[in-house]
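Nothing fancy with the numbering, it's 1 onward along the sequence. Only this structure's heavy atoms are used, side chains among them; waters, hydrogens and symmetry mates stay out.
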Amino acid sequence: MQVFINGRFASQAVTGVQRYAEELLRALDREVETTVPGIQKHAFQMLVPRPAATWPAFKHITVRQVGRLQGHAWEQLELPWYARSGLLLSLANTGPVLKRRQIVTIHDASIFAVPEAYSVGFRWWYRALLPKLGRAASRVVTDSEFSRAELVRYANIPEEKIRVIPLGCEHIRSRAPECGILTRLGLRSHAYLLAVGSQSPHKNLGMLAQALEHLPDLQLNCVVAGASNPKVFERPSPMSAPKLTMPGYVSDSELRALYEHAACFVYPSLYEGFGLPPLEAMSCGCPVVVSSAASLPSVCGDAAIYCDPRSSVSVAEAVRQVVSDRALQDRLRVLGRQQASKFTWPASARAFLALIHEVAAACE
């Protein structure tokens with residue numbers, strides 16, 4: 001059976017969802033030859049709208065521009081026609097509801113659980129789309145058991161349709177660290193806290209600014225890296241605190257350098273379907289303080305110090321515990337690397353290939 005890939009994300013600005021799709025496709029391209037017996041008979045073709053971003057050459061995935069429309073119109077109206085003869089992989093939280101032979105990735109149920117975090121238009125569209133898409137598709141892939149339960153609860157997707165395939169995190173170490181960002185931001189190694197994420201309300205980064213007020217004696221700078229898309233998220237509340245730096249978007253090479261030189265990574269999120277940044281930090285040997293909410297305890301295991309994300313005192317106490325204890329830092333670095341090593345893109349790709357084989361066999 002022909003396997004098509006929904007490439008609408010290729011023409012969009014880079015976000016976490018797009019990065020997931022890119023990394024998974026790279027891993028699929030590497031794994032497709034040897035993982036699942038018989039999988040070689042499936043030809044992989046990524047269909048993208050015109051114009052689309054430039055893609056690296058794949059060995060087993062061809063890229064083809066099709067159609068005349070853009071965005072959701074292209075995906076809902078034209079893509080089903082071009083993918084009519086095969087199985088469609090939709091990897092970016094959306095897909096055509098008219099295509100039933102489809103595996104679609106829905107990362108979480110945040111559009112239902114924390115609707116206030118999203119713009120009105122985005123909220124309206126995805127709250128209508130995701131339940132229909134989940135029920136129509138052959139299979140739904142999500143990132144964690146927490147997200148599977150949430151999609152059943154909020155979107156009424158049959159539980160037996162949903163497969164959990166975690167993300168990988170080792171991609172961050174494939175980029176050479178660009179330490180010039182420390183000089184550009186005026187940072188000293190191991191003298192700053194790091195947070196990564198959009199300023200969406202459910203990321204709760206304002207709580208970190210409040211926690212800093214309880215830590216004046218530690219004389220720590222704080223860096224919050226990441227940018228918000230106003231088409232997706234509600235306008236964030238302004239953040240301000242002494243020694244707070246917000247560089248916006250940073251490259252992966254710069255991000256690796258920030259992880260490797262931070263005293264501590266802090267992630268006080270209120271809602272996560274997975275939680276990739278803490279694993280990236282662990283992979284880079286950075287001690288992690290993380291929220292005890294949603295999927296994060298199952299993802300981070302015993303390799304992090306947990307805090308109550310609704311209490312600035314709890315966040316501050318967890319940070320103080322880490323930065324004041326060298327032995328704890330060393331232990332968290334070891335445990336963190338061990339935990340991060342459990343989440344790899346080749347493992348994700350092999351699970352996807354097995355699912356493709358299963359669905360394709362059922363359709364034949």
Side-chain angles (χ1 to χ4, degrees), residues 16 20 107-108 110 113-114 117 143-147 150 166-170 172-173 190 192-212 214-215 218 220 222-226 239 255-256 258-325 327-343:
Y20 157 82
H107 290 284
D108 57 47
S110 58
V114 285
D143 303 340
S144 66
E145 292 293 344
F146 172 80
S147 282
E150 292 284 274
L167 284 62
C169 65
E170 76 279 10
I172 193 66
R173 289 185 286 102
H190 301 103
Y192 63 92
L193 305 178
L194 175 64
V196 174
S198 72
Q199 294 178 51
S200 169
H202 72 283
K203 296 297 184 181
N204 199 33
L205 294 177
M207 187 59 68
L208 179 55
Q210 295 177 36
L212 286 173
H214 302 290
L215 302 168
L218 296 183
L220 290 167
C222 181
V223 178
V224 178
M239 288 179 58
L255 183 57
R256 178 177 176 179
L258 289 172
Y259 281 138
E260 291 182 342
H261 291 271
C264 180
F265 177 78
V266 190
Y267 204 65
S269 183
L270 297 170
Y271 190 92
E272 292 292 331
F274 185 72
L276 184 57
L279 286 179
E280 290 180 336
M282 291 177 183
S283 182
C284 293
C286 182
V288 168
V289 168
V290 72
S291 162
S292 58
S295 63
L296 292 168
S298 64
V299 170
C300 296
D302 63 356
I305 299 297
Y306 291 92
C307 63
D308 178 354
R310 299 188 182 277
S311 167
S312 61
V313 172
S314 176
V315 175
E317 288 177 347
V319 169
R320 184 181 295 278
Q321 181 182 354
V322 172
V323 301
S324 302
D325 188 334
L328 176 60
Q329 295 168 25
D330 292 341
R331 182 168 68 87
L332 289 176
R333 289 189 179 97
V334 172
L335 292 175
R337 288 191 174 101
Q338 292 173 351
Q339 184 70 7
S341 70
K342 300 175 184 178
F343 299 89

Is there side-chain contact between [X] and [Y], with at least one heavy-atom pair below 4.5 Å?
| X | Y | result |
| --- | --- | --- |
| Val196 | Glu280 | no |
| Val266 | Cys307 | no |
| Tyr20 | Leu167 | yes |
| Lys342 | Pro166 | no |
| Val114 | Leu270 | no |
| Ser291 | Asn204 | no |

Atom pair [atom1] ([X]) and [atom2] ([Y]), whose distance is rounded to the nearest 0.5 Å:
| X | Y | atom1 | atom2 | result |
| --- | --- | --- | --- | --- |
| Arg337 | Met282 | CZ | CE | 12.0 Å |
| Asp143 | Leu276 | CG | CG | 9.0 Å |
| Leu215 | Glu317 | CG | CD | 9.5 Å |
| Cys300 | Leu332 | SG | CG | 11.0 Å |
| Cys222 | Leu194 | SG | CG | 8.0 Å |
| Leu220 | His190 | CG | NE2 | 12.0 Å |

Ring geometry between Tyr259 and Phe265 (parallel below 30°, tilted from 30 to 60°, perpendicular above 60°):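 Taking Tyr259 first and then Phe265, their aromatic rings stand perpendicular (interplane angle over 60°).
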Could you tell me which non-hydrogen atom of [X] sits nearest to which non-hydrogen atom of [Y], and how far apart they are?
| X | Y | value |
| --- | --- | --- |
| Val290 | Pro278 | CG2-CG, 4.2 Å |
| Pro309 | Pro268 | CB-O, 3.3 Å |
| Gln329 | Val322 | NE2-O, 3.0 Å |
| Asp308 | Val315 | O-CG2, 3.8 Å |
| His202 | Ser200 | ND1-OG, 2.7 Å |
| Gly275 | Ser295 | N-OG, 4.5 Å |

Worked check of side chain to side chain contact (heavy atoms under 4.5 Å, CB included) between Leu255 and Cys284: CA-CA 10 Å; Leu255 183 57; Cys284 293; over 6 Å; no
Phe274-Phe343 aromatic ring centre distance below 6.0 Å: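 Yes, the ring centres sit under 6.0 Å apart.
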Exam field: side chain Ser147 to backbone His107, donor-acceptor pair closer than 3.5 Å: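 Judged by distance alone, yes, a pair lies under 3.5 Å.
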Whether Ser144 side chain and Gly273 backbone form a donor-acceptor pair below 3.5 Å: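 Indeed, once roles are kept as given, a pair shorter than 3.5 Å links the two residues.
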Stepwise side chain to side chain contact (heavy atoms under 4.5 Å, CB included) test for Glu150 and Asp108: CA-CA 7 Å; Glu150 292 284 274; Asp108 57 47; over 6 Å; no
Verdict with supporting geometry, Leu193 and Val289, side chain to side chain contact (heavy atoms under 4.5 Å, CB included): CA-CA 10 Å; Leu193 305 178; Val289 168; over 6 Å; no
Ser283 and its side chain to side chain donor-acceptor pair (under 3.5 Å) partner, picked from Arg173, Gln339, Arg256: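 Single pass found, and it is Arg173.
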Residues Glu272 and Lys203 bridged, charged N to O under 4.0 Å: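 Looking at Glu272 and Lys203, the cut-off is met.
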CA sep, side-chain torsions, deciding dist, call: Leu258, Tyr192, side chain to side chain contact (heavy atoms under 4.5 Å, CB included): CA-CA 9 Å; Leu258 289 172; Tyr192 63 92; 3.9 Å; yes
Heavy-atom neighbours of Arg310 CZ exceed 12 at 6.0 Å: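 No - once you tally the heavy atoms of other residues, nucleotides and ligands closer than 6.0 Å, there are 12 at most.
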